Amino acid sequence: MTSPLTLERVQAIVAHVAGPGQTPIDAGPETPLVDGGLWLDSVRLLEAIIACETEFGVIFDPDTDFTGTHLSTVRTLHDLIRAKQSS
């Protein structure tokens, strides 16, 4: 069973993967996933992607979905998941 998709749920998943020491106090939908925000390295970014796949019942395509456009902020990740669920 998958969870309902909400921006808050995606943010919570990413913050959990990042950990309390990496999550800025003022983190929000526009917080960058990598440099200047949550500072996810490639391994943690992949962990967040896998957690979102599991949580929301989607499968990302590494060739088209693993781009800076789709994985730049919590909001862009949320929007990608929403697009995956709609297709």
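Values reported hereafter were calculated over all heavy atoms of this structure, with side chains retained and with hydrogens, waters and symmetry mates removed. What you see is a predicted model, and the numbers here were worked out from it, not measured in a lab.
In terms of the side-chain hydrogen bond (donor to acceptor under 3.5 Å, both in side chains) criterion, residue partners of S72 (sequence neighbours excluded) are, by chain and number, T76. By the salt bridge (Lys or Arg N to Asp or Glu O under 4.0 Å) test, E30 pairs with R75, sequence neighbours left out.
Contact record, H70 with T64: CD2-O, 3.5 Å, taken as the closest heavy-atom pair. Between D65 and L80, the closest heavy-atom pair is OD1-CD1, 3.6 Å. Minimum heavy-atom separation, D63 to D61: N-OD1, 2.9 Å. Nearest approach of Q85 to L5, heavy atoms of both residues: OE1-CD2, 3.4 Å.
Considering only heavy atoms from C-beta on, I81 comes within 4.5 Å of F60 through its side chain.
The side chain to side chain donor-acceptor pair (under 3.5 Å) contacts involving residues 40-51 comprise nothing, where partners must be two or more places apart or lie in separate chains. For the salt bridge (Lys or Arg N to Asp or Glu O under 4.0 Å) condition, no pair includes a residue of residues 16-27, sequence neighbours left out.
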Can you give me every donor-acceptor pair (side chain of residues 13-24, partner residue at least two apart or in another chain, under 3.5 Å) with its distance?
| from | atom 1 | to | atom 2 | distance (Å) |
| --- | --- | --- | --- | --- |
| Q22 | NE2 | L38 | O | 3.4 |
| T23 | OG1 | A15 | O | 3.4 |
| T23 | OG1 | G19 | O | 2.8 |

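Rounding to the nearest 0.5 Å places OG of S87 at 12.5 Å from CZ of R82. Taking CD1 from I50 and OG1 from T54, the interatomic distance works out to 7.5 Å, rounded to the nearest 0.5 Å.
Hydrophobic clustering keeps V74 apart from W39 (ILVMFWY residues linked when any side-chain heavy atoms are closer than 4.5 Å, directly or through intermediates).
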